[in-house]
Amino acid sequence: MDTAAILETGAKLAFVIGINLGFFAPVLAWVERKQSAVMQDRIGANRADIFGFTVIGLFHSLADALKLIFKEDFVPRGADVTMHRLAPMIALIPALMGMAVIPFGGTYEIGGHAVNLVVADLDMGLLFVFAIASVATYGVVIGAWASNNNWSMLGGLRAAAQMFSYEVTMGLTIIGLLMYYQSLSLVEIVAKQESFWNWGIIYQWPAFILFLACAIAENKRVPFDIPEAESEIVAGYFTEYSGMKFIMFWTAEFIEVVTISALCVVLFFGGHHCAFISDAGLVALFGGGDLGNILAMLFGVAVFLVKVCVLIFIQMIIRWTLPRFRYDQVMMLGWKMILPLSLVWILFVGVAILTGLMPTPA
Amino acid sequence: MAITIKKIERGPKLTLWERSFVPEILRGMWITSRHFFHNMKTLTQEFALGGGRSKRSIMTLYYPEERPVTPVAYRGRPVLVRGANGLEKCVACGLCEAACPPHCISIVGAERDNGDRYPTTYTLDGAKCIFCGRCEEVCPKEAIVMSDDWAELCTYDRGEMLYDKERLLRPEASLARRLAFLRNNAFSKARYQ
Amino acid sequence: MTDKKPNVDFHSEHHTELLTINMGPSHPATHGTVKFLVDLDGEIISRIDVEVGYLHRGFEKECEAQTWTGVFPYTDRLDYTASVLNNVGYALAVEKLIGIEAPERCQYIRVIMSEMARMSGHYTCLAAGALELGAMTAFLYFVEARELLWDLIEEVCGARLTHNYVRIGGLTADLPAGFGDRVATVFAKNRELWDEFAKLLLKNRIFVDRMRDVGGISATDAKAWGYSGPCMRAAGVAYDIRKTNPYLVYDRLDFEIPVGTTGDNYDRFMVRMYELQQSMSIIEQCLVKMPEGPINHNDPQWRQSSKDDIFTDMESMIFHFKNEINGVPVPAGEVYFPVEGANGELGFYLVSDGSGHPVKCRVRPPCFQLTSSVKYLIEGSMLADLIPTFDMINLIGGECDR
C-alpha cells in the first residue's frame with residue numbers, strides 16, 4: 001500500500017471516529033435531553049455556560065463528561081475486578097467498529113484517483129456489522145455478572161436473552177432485502193440505489209419496520225429497555241458503574257443508535273444519494289473535474305448525515321413515546337411475531353422476484 | 001338514590017387494530033411529534049423572531065429570571081407586621097406559639113412603660129416552619145401574616161434559619177395585599193353566619 | 001394472575017436456588033417507602049413479603065398532643081396527593097361528633113375542593129403508572145395537567161400540596177373572584193391532555209399487554225380483602241360512599257361511577273381515568289349550583305370568629321383564646337365517619353372526652369387493605385408485573401403508614 005492509500009484510509013478513519021465520538025455522542029446526549037423536553041412541553045437543561053454563553057444547552061454534554069471523569073471509579077466489593085473494568089470497553093469497541101463498513105459517500109475521481117468513501121470495502125459488509133454487534137453482548141453480560149449485584153445480574157440475564165434472540169431475527173429480516181439487491185456488500189447496495197425508485201424503502205418497507213424494531217431491541221432502547229428498566233431493576237446491568245465506565249456504556253448505546261440509523265439509511269434510504277439526481281449529474285452540477293468531484297463528495301456526505309439525523313430523530317420519538325415491554329413479551333415478539341413475519345416476507349420476495357412482480361435493480 | 005354506573009367497555013379480545021402494534025404506535029408518535037413541532041415553532045417565535053413571552057406554549061418558567069406570581073392566598077414565609085408607629089403590632093399573647101404545629105415560635109414578652117405588651121424576643125425557626133398559616137389565623141392583632149416570600153429561603157448555615165424579631169419585621173404597607181385578602185376574604189364577617 | 005407457578009421438583013432436581021431480592025424502601029418503583037422481599041424463580045415471583053411502616057410518623061400520637069383544630073395540618077400529610085379529602089373527612093367527623101352542619105355554600109365548596117384533590121390524586125397515580133412503564137412523555141402530560149390544577153388549588157387554599165383548607169364548621173377562606181372562568185380554562189386544557197394521554201396509551205398494544213389480565217381480583221375476593229374505592233369498583237362492585245352514604249351535597253349532584261369487570265390493572269387504570277372526567281363534571285355542576293352566603297357555621301363556640309369580631313367584641317376574643325389554647329370543646333363520645341378518598345374509604349374514628357384535645361384520632365387508611373392483598377395478587381406473576389400492579393393499587397405511604 002502506498003502512502004496515498006494509507007493517508008486516505010487514515011483520513012476516512014479519523015473522520016468516522018471523529019464524527020462519532022466527537023460529534024454524535026455528545027450531541028446525541030443533548031438531542032435526547034432537548035428533544036424529549038420539547039416533546040414534553042418543557043425546556044431541557046440549558047444552564048451550563050462558558051463565559052456566559054449557554055448555546056442552548058450544548059455545553060451540558062461537556063459538563064457531564066467532566067463531572068463523570070472526576071467521579072470516583074470504584075469496583076464493588078466481591079466483584080471480579082478485571083472483568084468489571086473490561087466490560088465497558090467490550091461494549092464500546094464493537095459499537096465503533098461497526099461503522100467501518102458503512103459507506104458515507106460514493107466513489108469520486110479526485111486527482112486521477114478513485115476515492116471510495118468507506119473505511120473498509122468488504123464483500124460481506126453486512127455480515128461484518130452483524131457479527132461485530134454480537135460481540136457487544138459480551139460486554140453487557142460480563143459487566144452484569146462482574147458487578148456482584150443481584151439487580152445487575154437480572155439485567156444481564158435479560159440483556160443476554162434479548163440481544164441474542166434479536167440478532168437472529170435481525171439477520172432474517174434483512175434477507176429479503178439482500179435478495180432484492182443481490183449483494184451483501186454495503187457499497188454495492190448503496191451504488192444500486194442511485195435511482196430513487198430503487199431505494200430500499202419503496203419495495204422493502206415491511207423489512208424496514210421489522211429491521212428497525214429488531215435493531216432497537218438490539219440496542220436496548222425503549223420499548224425494549226428491560227435490561228436497564230429503571231423502575232424495576234434500578235439501573236440493570238450498569239447499576240455498579242460510575243465515572244468513565246458509565247460513560248463508556250452510555251457512549252456505546254448512543255454510537256449504536258448512530259450505527260443503526262446509518263445502516264437504515266444505507267439499506268433503505270439511498271445512502272448518500274440525493275433523490276432524482278444521478279451521480280454523474282451531481283458532479284456536472286458542481287462544474288466537473290476535481291473541484292466538482294470534491295464538492296459532490298462533500299454534498300454526498302452532507303446528505304448522508306442529514307438522513308442519519310432524521311433517522312435518529314425518529315428513534316428518539318419512538319424512545320420517548322412508548323412504554324416498555326415485559327420480559328416474556330419481548331421474547332414472544334421476537335420469536336413468535338417478527339421471526340415468522342420475516343420468513344413470510346422472504347418467501348414473498350422470492351416469489352415476487354421470480355414472477356417479476358418486484359423488479360430487482362440492475 | 002339510584003347509582004348510575006358507567007361500565008368500562010373492553011372486549012374479551014383485542015381488536016385487529018389494537019393487536020397489530022404499528023398503527024397505534026404511529027398514532028402515539030404522531031401526537032408527541034405534534035407537541036414537538038408546535039413547541040419548536042413557538043420557541044422559535046419567542047426567541048429567534050422576538051415574539052416574546054406571549055408566544056410560549058411550554059409550561060416552564062426560566063427561573064430565576066422569571067418568577068411565578070403567587071396568588072394572594074399563597075402562604076409564604078411568616079413575617080411580623082410593623083405598625084404605623086414603627087413598632088411591631090405583636091402583643092406577645094402567645095397564641096401563635098400555642099397554635100403552631102411544629103412549635104417553631106418562641107416568645108418572651110414584657111410590658112412597656114405605657115402598659116403595652118410587646119415581645120422582647122420573638123424567634124421563628126424557619127427550618128421547622130411548615131407554612132401552614134395557623135399563626136396568622138389565630139393572631140388577634142394582625143401582627144403576623146404569611147408573606148409571599150417562598151424563594152431563596154435556603155442558606156448554607158442552619159443557624160441563619162432561626163429568624164429573630166428584626167429579621168421578621170416588615171412594614172405594614174408592604175403587606176397591604178395580604179392584609180386586604182385577610183380582611184375581605186378569609187376572616188371577613190361576611191364569611192361567618 | 002398468570003398460572004406460572006414455580007416448579008419445586010425442578011429446583012431440587014437441578015440443585016438450583018431461588019434468588020432473594022430486596023426491593024427496599026428506597027427504590028424507584030416503591031412509592032412511599034415500602035419494602036418488598038421477593039423470592040424469584042427466574043423472572044417469576046414465587047414468594048413476596050410486603051413490609052410497610054417505613055413512613056410511620058406517629059400521626060395518632062401527634063394528634064393527641066394537638067387541639068382539635070391543630071390536627072388539620074397533620075391530616076394534610078396523610079394522603080398527600082389529595083390533601084383536602086383528608087381535611088374534609090376529619091372535619092366532617094368532628095362536626096358529626098359535635099352535631100353541627102356547615103352552611104350550604106361551605107358544603108359546595110368542600111365538594112369542589114374534594115373533587116379537585118381527587119383529580120390531583122388520580123393524576124399522580126396514573127402519571128406514575130405511565131412513568132413506571134417507561135412512557136415518560138405521557139407521565140409529563142399528566143404532570144402538566146396536575147400543575148395547572150394545582151394553580152387553581154393554590155388560589156383557593158394557599159398551597160399546592162398541603163392544603164390545610166378546611167376547618168371545623170367551615171373553611172379558611174372563600175373562593176377568589178373569577179374562579180369559575182379560570183376553572184373553565186384549566187379544564188379545557190386538562191381535557192385536551194386527557195385525550196392525548198388516552199390516545200398515547202389506552203389502545204397501545206404494549207401498554208395493554210402490560211396491564212390487561214395482570215393483578216386481577218374477583219369481586220368476592222375484593223370484598224373479602226376489604227377493598228374500597230377505585231380498586232373495588234374495578235373489580236365489579238359498584239360501591240362508592242358518595243352514592244351509598246352521601247355526605248355534603250353529593251346527593252344533589254349528577255355523576256356516574258365507573259365500574260370494571262375483572263379488577264385487573266387495566267380496569268383500575270380506566271376507572272381512574274373516567275373518575276377524572278366525572279370529577280370535572282361534578283366541579284362544573286357545583287360552580288353553577290352554588291349559592292352565595294357565609295362559609296362558616298354560626299355558633300362561635302365551634303369555629304373561629306371573624307377577625308372583625310375578635311378585634312371589637314370581648315366575648316369573641318374570649319372564645320377565640322379559649323378555643324385556641326384549650327381547644328374546641330367537642331362533646332364526649334366517639335364517632336366514625338367515612339368519606340370517599342382518592343383511594344377508597346377514608347374513615348376517621350374519633351374519641352373525645354369533652355376536652356379540647358382528641359383522645360384518639362384513628363385513621364382508617366384505604367390503601368392498607370389494598371397493600372395487604374398485593375401478596376395474593378402478585379405471587380405467581382413476573383417481577384415486571386409487580387410494578388404496574390403496585391402502581392395501580394396506589395399505595396400512598398403517608399396514608400398507609402400514618
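Excluded from the calculations below are hydrogen atoms, water molecules and symmetry mates; all remaining heavy atoms, backbone and side chain alike, are included. In this text, all values refer to a predicted model and were calculated from it rather than measured experimentally. Residue numbers begin at 1 in each chain, while the letters A, B, ... track the order of the sequences.
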Item to check | Chi angles and distances behind the side chain to side chain contact (heavy atoms under 4.5 Å, CB included) call for C:Leu19, A:Met153 | outcome: CA-CA 11 Å; C:Leu19 177 69; A:Met153 195 183 75; 4.1 Å; yes
Checklist entry - Can a salt bridge be assigned to the pair A:Arg158 and C:Glu43 using a cut-off of 4.0 Å between side-chain N and carboxylate O? => result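 Between C:Glu43 and A:Arg158 there is a salt bridge, with a charged N closer than 4.0 Å to a carboxylate O.
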Checklist entry - Is the closest basic N to carboxylate O distance between C:Asp385 and A:Arg326 below 4.0 Å? => result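 Salt bridge: yes.
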Should we say atom [atom1] of [X] is surrounded by more than 12 heavy atoms from elsewhere, each under 6.0 Å from it?
| X | atom1 | result |
| --- | --- | --- |
| A:Phe208 | CZ | yes |
| A:Tyr138 | OH | no |
| A:Lys71 | NZ | no |
| A:Trp335 | CH2 | yes |
| A:Trp145 | CH2 | no |
| A:Phe74 | CZ | yes |

Item to check | Test log, rule side chain to side chain contact (heavy atoms under 4.5 Å, CB included), inputs C:Leu383 and A:Leu154 | outcome: CA-CA 10 Å; C:Leu383 179 65; A:Leu154 272 180; 3.8 Å; yes
Next on the checklist: Can you tell me how far apart CZ (C:Phe207) and CZ (A:Arg324) are? Round to the nearest 0.5 Å.
Outcome noted: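 Reported to 0.5 Å precision, the distance equals 13.5 Å.
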Checklist entry - Does any heavy atom of chain A fall under 4.5 Å from the side chain of C:Leu201, the backbone, both, or neither of them? => result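 Side chain of C:Leu201 only, per the 4.5 Å heavy-atom cut-off to chain A.
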Item to check | Heavy-atom closest pair, residues A:Met39 and C:Tyr141 | outcome: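 Looking at all heavy atoms of both residues, the closest pair is O-OH, 3.0 Å.
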Checklist entry - Which atom pair, heavy atoms only, marks the closest approach of C:Ile206 to A:Pro223? => result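 Nearest heavy atoms, C:Ile206 then A:Pro223: CD1-CB, 4.1 Å.
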Item to check | A:Trp320 backbone acceptor or donor facing C:Thr137 side chain under 3.5 Å | outcome: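 Present.
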Checklist entry - Can you check whether A:Leu322's main-chain N or O pairs, donor with acceptor, with C:Asn204's side chain at less than 3.5 Å? => result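 Checking the backbone N and O of A:Leu322 against the side chain of C:Asn204, no donor-acceptor pair under 3.5 Å is found.
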Checklist entry - Would C:Leu140 and A:Asp41 count as a side chain to side chain contact (heavy atoms under 4.5 Å, CB included) if you check the C-alpha gap in whole Å, the side-chain angles of each, and the deciding distance to 0.1 Å? => result CA-CA 8 Å; C:Leu140 279 164; A:Asp41 289 348; over 6 Å; no
Item to check | Structural part of A:Gln329 lying under 4.5 Å from a heavy atom of chain C | outcome: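 Only the side chain of A:Gln329 comes within 4.5 Å of chain C.
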Checklist entry - side-chain contact (heavy atoms from CB on, under 4.5 Å) with A:Asn150: which of C:Ile21, C:Leu40, C:Thr20? => result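 Option passing the side-chain contact (heavy atoms from CB on, under 4.5 Å) with A:Asn150: C:Ile21.
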Checklist entry - Taking it one step at a time, do C:Arg205 and A:Phe325 satisfy side chain to side chain contact (heavy atoms under 4.5 Å, CB included)? => result CA-CA 10 Å; C:Arg205 169 92 190 262; A:Phe325 283 100; over 6 Å; no
